[in-house]
Protein chains: 2
Amino acid sequence: MRGSTTSSEKKDEPDRRERRRLAMLNAARELFVERGYDAVSLSEIVKRSGGSLATLYELFENKAGLLGAIVANKRFGTHEQIDALIARGGVPAEMLKGVAEILIENFSEPETVGMIRVVMGETLRDPGFAEAIFKASHVPSVERIAELFADWNASGRAVIPDPMLAVHLFFGLTVHRAQNRAIFGELADATQPPPERLVAEATALFTSFYKIEGAETT
Amino acid sequence: MRGSTTSSEKKDEPDRRERRRLAMLNAARELFVERGYDAVSLSEIVKRSGGSLATLYELFENKAGLLGAIVANKRFGTHEQIDALIARGGVPAEMLKGVAEILIENFSEPETVGMIRVVMGETLRDPGFAEAIFKASHVPSVERIAELFADWNASGRAVIPDPMLAVHLFFGLTVHRAQNRAIFGELADATQPPPERLVAEATALFTSFYKIEGAETT
DNA sequence: CGCGTAGTGTAGCCTACATTACACAAAATT
DNA sequence: AATTTTGTGTAATGTAGGCTACACTACGCG
């Protein structure tokens, strides 16, 4: 089994308890993403993480608590990447392309797709849970991009009268692919374009329509 | 098993058996959409539909079979509406607006949103099921619109070098709203535009970028 | 040491279904 | 009406899995 032999790691111990906690969190996240929340039993999680059922209950109240902890623990890096991109600055058209790349890349990860499935499954049972994820993941990104658009508009580097509307559309263009995948699985790809083409066409559409500065000569 | 239908029924009775079947199908569909496939028990379904558990098993093999029957029975009218629209003809820009309206309208129905949830929940467990829905609902619509775009392109009424790509983008613009709703629930609407604005902006974007004939003067 | 706290492994309780069995009632058929 | 066919109500049956209890172990600290 998991021969813990003589645990010689007494020095750099980042707290015994915390390590167990993270192991369980990771195992649970992996399994939930792979097979769905309902389909995974707590015993399975413990089997993968090591430790015991009792400890799991000690650390997280119950199954729902475990899911909550996963979310609380998870880093939704997208808006941070967007922040970094904005901080780096540049020509609007290029920044837009950068945003598209970030969105499509992040949403292409199987983990993200799996997470979408989990959230969707729980939305009916616990709207509060959906809200937490919504505010932690979706809203921050939307806000960043909306501000960016508003800035461009204010400074005359683009013509975007309704930034929120534009952001919604831009999300539609880029994120729809991953959402289809979450719904239908891999077979959805049969009708879907590869990421690079998506990035190119979506930015072309936007720069053209919203007169975003920096577009190559038509 | 099903006796030969030699017996001529009395009145307009659409077959006793068939009526029970439909009642069960409807009850099941409603409940699945409202609360999710897993969360609904067969007894509940019977309670709503009338009839008995035994009959349910007689008609549909088991719970999965019931779900399958719902799908087989369901009319995915979207592509038919699109066909009708195409048959009606018209200026490309106006037809595009019509397509947008059809898509957004269909995907705004709570039933569609619920169905998306159900499909997504089952995709992991049974990819074949996802495939069936995919081919019955999504693919036909995509194909219709792609042909339409290709026609416009061929006849010089638009410039759409890659119709499939364009269709994907158009779906993204229009359908993303419903998909967000499926994932996050109603609270997603906080960041989402109303349907009319979506229709207007999406068609404006497309007619402008793809030079679709019939756009109002810029 | 030797005690106490935390962690482990496991067995079992308990509930919620899916699925089946069966005894009965209502039609349909003759 | 008698018989056959079909549908109904309800009560098993079996199983999965969340959750709890508990006896046991490892280890830190005096």
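Reckoned from all heavy atoms, side chains included, excluding hydrogens, waters and symmetry mates. None of these values were measured; they are calculated from a predicted model. Letters go in sequence order (proteins before strands), and every chain restarts at 1.
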### Message
List the residues meeting salt bridge (Lys or Arg N to Asp or Glu O under 4.0 Å) with Glu201(A), not counting sequence neighbours, and say none if there are none.
### Response
none

Distance-only donor-acceptor pairs under 3.5 Å for side chains of residues 97-107 of chain A, two or more places apart:
residue: Asn106(A); atom: ND2; partner: Gln81(A); partner atom: OE1; Å: 3.1
residue: Asn106(A); atom: ND2; partner: Ile102(A); partner atom: O; Å: 2.8

### Query
What residues form a side chain to side chain donor-acceptor pair (under 3.5 Å) with Arg75(A), not counting sequence neighbours?
Glu80(A)

### side chain to side chain donor-acceptor pair (under 3.5 Å) involving Asp162(A) - partner list, sequence neighbours excluded
Arg197(B)

### Summary
Contact check, residues 58-73 of chain A vs DNA chain C, heavy-atom distance under 4.0 Å, returns none

#### Entry: Partner set under side chain to side chain donor-acceptor pair (under 3.5 Å) for Thr191(B), not counting sequence neighbours
none

### Task
Under 4.0 Å from any atom of DNA chain D, heavy atoms only: list the residues of residues 32-44 of chain A that qualify, in numerical order.
Val40(A), Ser41(A), Leu42(A)

### Message
I'd like to check the side chain to side chain donor-acceptor pair (under 3.5 Å) partners of His168(B); sequence neighbours left out, ordered by chain and number.
### Response
none

### Task
Using a cut-off of strictly less than 4.0 Å, decide whether Arg17(B) has a side-chain nitrogen or oxygen near OP1 or OP2 of dT6(D).
no

#### Entry: Pairing residues for Tyr57(B) by the side chain to side chain contact (heavy atoms under 4.5 Å, CB included) criterion, not counting sequence neighbours
Leu42(B), Leu53(B), Asn62(B)

### Query
Are Lys63(B) and Tyr37(B) in a cation-pi contact, defined as NZ or CZ under 6.0 Å from the six-membered ring centre and within 45° of the axis?
yes

### Query
Considering the terminal five base pairs at each end of the helix from dC1(C)-dG30(D) to dT30(C)-dA1(D), what angle separates the two local helix axes, rounded to 10°?
0°

### Summary
Sorted by number, residues from residues 119-126 of chain B placing a heavy atom under 4.0 Å from DNA chain D are none

Quick one: which protein N/O atoms are closer than 3.5 Å to N/O atoms of nucleotides 8-12 of chain D? Pair and distance per line, please.
residue: dT8(D); atom: OP1; partner: Arg20(B); partner atom: NH1; Å: 2.7
residue: dT8(D); atom: OP2; partner: Thr55(B); partner atom: OG1; Å: 2.8
residue: dG9(D); atom: OP2; partner: Gly51(B); partner atom: O; Å: 3.2

